[in-house]
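Following: one structure in structure tokens, then a few remarks.
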Amino acid sequence: MTPDSPLLPNPLYVAARRYPDAIAVHLHRGHMTYRELAEDVERTTLVLRNRGIGIGDRIGLLGPPTYAYLVNLLSLLELRAVACPLSDRLPRAAIDEAMHRIGGTKLLNPPGMSVAEAPSLPLHEQVAADQPFTLLFTSGSTGVPKVAQLTIGNHLHNAAGSNEVLPLEQGDSWLLSLPLYHVGGLAILFRSLLAGATIVLDKPRNSLGDQVLAHRVTHLSVVATQLQRMLDDVHLAAKIHSLKLVLAGGGPLTGELLHRARFAGLPVVASYGATESASQICTARLDGPPEEMRLLPYRELRIDRDGEILVRGPVLFDGYLDQQTIDPARDAEGWYHTGDSGSLQNDILTVTGRRDLMFISGGENIQPEEIERHLLDAPEVAEAIVVPLADAEFGYRPFAFLRMHGDAPLREEVIRRFLENRLPRFKVPVRMQELPAEPSEQGMKPDRQLLRRLANERPPP
């Protein structure tokens with residue numbers, strides 16, 4: 001933090017005074033108001049301070065998304081500590097390695113609230129925009145995940161820009177459908193705090209559709225797989241009447257999937273973002289086509305001469321943690337190079353794919369996401385991931401992992417004929433295989449490194 005850092009209103013302080021009796025967190029049994037949430041954060045802040053947590057300490061947070069988890073996270077903000085949410089699906093050795101990488105001093109695994117009668121510290125009325133607040137591990141689709149440091153200003157500007165374009169107000173409710181170790185989950189928290197809306201916490205074993213129905217959820221965040229599974233339940237959309245917005249992102253989305261969702265009655269919009277920008281960068285509007293993504297406030301975007309998407313503005317992170325120092329990861333003009341390729345026409349962003357996923361086959365450039373989009377247009381295909389398969393003659397050839405709808409069999413020749421009418425022959429996968437049940441990084445994005453290893457370990461037929 002710097003002495004001349006802009007000060008921003010503390011979102012919990014403001015919400016607790018503006019909407020004291022509004023429901024802040026809806027649990028599967030009961031709820032907590034904004035006044036109660038603020039009081040629990042005040043008490044927990046003193047408890048954590050007495051445990052030795054202070055300014056700049058890097059604190060690991062572990063566990064499922066519970067009320068206690070939210071309280072601990074917001075208490076770390078009050079203490080000006082830096083929170084590092086970690087996946088509770090990681091093995092112990094990976095958790096220890098992550099704590100070592102961040103220089104973590106403590107690991108919190110909040111089992112529940114037990115501070116009802118404890119003394120407290122009052123909430124800060126303001127927070128410094130450049131106060132470091134979170135350390136988030138990026139997806140690491142082609143190598144070791146990086147650790148991105150974001151400020152509270154990054155999170156608040158991202159949420160404010162989203163709320164200016166996508167209506168969210170007191171009385172609305174946003175299901176915490178994404179994990180809090182993912183920037184999309186944290187974005188739900190901050191959007192809701194700024195609007196005085198309700199965060200809905202439910203048992204994760206219940207389906208998204210069941211959770212939406214049970215709590216009459218108005219706002220929902222999904223990745224493509226979650227949206228696809230909601231559409232697979234042909235009776236679900238007809239039952240859901242409470243939804244005002246379905247924000248879809250976290251990876252490639254086909255126009256066909258988005259329009260199917262709109263046709264089914266789901267108010268879906270596509271979104272493009274990054275951990276490094278605290279979540280959203282460009283998002284479609286509810287009153288326009290669901291795939292036409294436009295820049296949100298508090299962001300700048302341009303496409304460089306190589307077709308790479310560049311971003312800057314107050315949503316942009318501090319940089320990557322590298323051996324206890326921060327690498328700003330910007331060029332001389334302050335632009336962050338996302339590693340994504342795309343185009344901008346009439347203020348509408350089209351994302352082509354990850355530059356570091358492209359491979360060369362017989363001298364031809366192969367962008368896996370292009371093949372995946374065409375595979376998803378095949379009626380039988382529900383999910384598709386394409387990886388490079390080593391080949392002595394061509395260098396690499398495309399290999400497709402597929403999940404089919406329902407109990408449909410994977411018929412390679414049928415799918416291959418479908419693709420040959422849409423793609424040049426060198427882009428048609430030479431082999432296909434059923435997608436493993438859990439090929440994802442922290443449950444969010446496909447683990448392409450794992451799938452690539454599986455493809456290349458499999459003996460040829």
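One-based numbering along the sequence shown.
- Using a distance-only test at 3.5 Å, with no hydrogens or angles considered, no donor-acceptor pair links the side chain of D318 to the main chain of L150.
- A donor-acceptor pair is defined here as one N or O able to donate and one able to accept, closer than 3.5 Å; no such pair exists between the side chain of N50 and the backbone of V47.
- Counting only heavy atoms from C-beta outward, the side chains of R294 and V165 never approach each other to under 4.5 Å.
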Stepwise side-chain contact (heavy atoms from CB on, under 4.5 Å) test for V147 and Q149:
CA-CA 7 Å; V147 184; Q149 178 169 291; over 6 Å; no
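- The pair R448-E372 counts as a salt bridge, with a side-chain nitrogen and a carboxylate oxygen less than 4.0 angstrom apart.
- Using modelled atom types, one finds no donor on one side chain facing an acceptor on the other under 3.5 Å when comparing E292 with N346.
- Between the R299 side chain and the Q280 main chain, a donor and an acceptor come within less than 3.5 Å of each other.
- Counting only distance, with no hydrogens or angles, the side chain of R312 and the backbone of R330 share no donor-acceptor pair below 3.5 Å.
- In this structure, L178 and I188 approach most closely via the heavy-atom pair N-CD1, 4.5 Å.
- When the shell of 6.0 Å around CD of E164 is examined, it contains more than 12 heavy atoms from other residues, nucleotides or ligands.
- Within the 4.5 Å cutoff, the side chain of L48 has heavy atoms near those of the L108 side chain.
- Under the 30°/60° scheme for interplanar angles, the aromatic rings of H155 and F133 are found to stand perpendicular.
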Between E36 and H31, does a side chain to side chain donor-acceptor pair (under 3.5 Å) hold up when you go through it step by step?
CA-CA 10 Å; E36 291 168 327; H31 62 261; 5.8 Å; no
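- The pair D340-R354 meets the salt-bridge criterion, with a side-chain N (NZ, NE, NH1 or NH2) lying under 4.0 Å from an Asp/Glu carboxylate O.
- A donor atom on one side chain and an acceptor atom on the other are not found under 3.5 Å apart for T198 and S173.
- Between E78 and N10 the shortest side-chain heavy-atom distance falls below 4.5 Å.
- A donor-acceptor pair under 3.5 Å is formed between the side chain of Q131 and the backbone N or O of L77.
- Residues L107 and L86 are in side-chain contact: their nearest non-hydrogen atoms beyond the backbone lie under 4.5 Å apart.
- Between T44 and S75, the shortest heavy-atom distance links the atoms CB-OG, 3.4 Å.
- Expressed to the nearest 0.5 Å, how far CG of L166 lies from CG of L286 amounts to 6.0 Å.
- Note that R403 lies outside the cation-pi zone of F401, set by a 6.0 Å cut-off to the ring centre and a 45° limit from the axis.
- Closest approach of L194 to L156, counting heavy atoms only: CD1-O, 3.7 Å.
- The distance from the CG atom of L245 to the OG1 atom of T218 is 8.5 Å, given to the nearest 0.5 Å.
- Considering only heavy atoms from C-beta on, L76 comes within 4.5 Å of L61 through its side chain.
- A donor-acceptor distance shorter than 3.5 angstrom exists from the side chain of H182 to the backbone of G184, with no hydrogens or angles considered.
- Of all heavy-atom pairs spanning A408 and M404, the tightest one is O-CB, 3.3 Å.
- Residues E308 and W335 have side chains not in contact (no heavy-atom distance under 4.5 Å, counting atoms from C-beta outward).
- In this structure, I95 CD1 and S87 OG are separated by 8.0 Å, a value rounded to the nearest 0.5 Å.
- A donor-acceptor distance shorter than 3.5 angstrom exists from the side chain of N72 to the backbone of A68, with no hydrogens or angles considered.
- When each of Y298, F317, F190 is checked for a ring-ring contact (aromatic ring centres under 6.0 Å, His included) with H157, only Y298 meets the rule.
- T138 contributes no side-chain N or O that, together with a main-chain N or O of P145, makes up a donor-acceptor pair within less than 3.5 Å.
- At distances below 3.5 Å, at least one donor-acceptor pair connects side-chain atoms of N154 with backbone N or O atoms of P314.
- Atoms CD1 and CG, from I303 and L310 in turn, are 7.5 Å apart once rounded to the nearest 0.5 Å.
- Among all heavy-atom pairs drawn from P65 and L180, the shortest one is CB-CD1, 4.1 Å.
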Go through the steps to decide whether I102 and M99 satisfy the test side-chain contact (heavy atoms from CB on, under 4.5 Å), and finish with yes or no.
CA-CA 5 Å; I102 68 168; M99 289 294 290; 4.1 Å; yes
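- Residues E276 and Y336 have side chains that bring a donor and an acceptor to within less than 3.5 angstrom of each other.
- Note: M293 CE to L349 CG = 5.0 Å, rounded to the nearest 0.5 Å.
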Using the side-chain contact (heavy atoms from CB on, under 4.5 Å) rule, take Y272 and T338 through it: C-alpha gap first, then chi angles, then the decisive distance, then the call.
CA-CA 11 Å; Y272 165 72; T338 64; 3.5 Å; yes
Candidate pair E291 and E256, rule side-chain contact (heavy atoms from CB on, under 4.5 Å), full reasoning:
CA-CA 9 Å; E291 73 278 13; E256 189 270 343; over 6 Å; no
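- Here the side chains of I371 and H374 are not in contact, with every heavy-atom distance at 4.5 Å or above.
- With a 6.0 Å radius and a threshold of 12 heavy atoms from other residues, nucleotides or ligands, R216 has its CZ atom at or below the threshold.
- Within 6.0 Å of CZ on R49 lie no more than 12 heavy atoms contributed by other residues, nucleotides or ligands.
- By the 4.5 Å heavy-atom criterion applied to side chains, W174 and S221 are counted as neighbours.
- Proximity of a side-chain donor or acceptor of R285 to a complementary backbone N or O of T283 within less than 3.5 Å is detected.
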Any chance you could lay out the salt bridge (Lys or Arg N to Asp or Glu O under 4.0 Å) test for E370 and R422, step after step, and finish with the verdict?
CA-CA 11 Å; E370 178 193 9; R422 292 160 174 80; over 6 Å; no
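- Nearest approach of N163 to A195, heavy atoms of both residues: ND2-CB, 4.0 Å.
- Expressed to the nearest 0.5 Å, how far NE2 of H219 lies from CD of E169 amounts to 8.0 Å.
- For D96 and R92, the salt-bridge test passes: some basic side-chain N is under 4.0 Å from an acidic carboxylate O.
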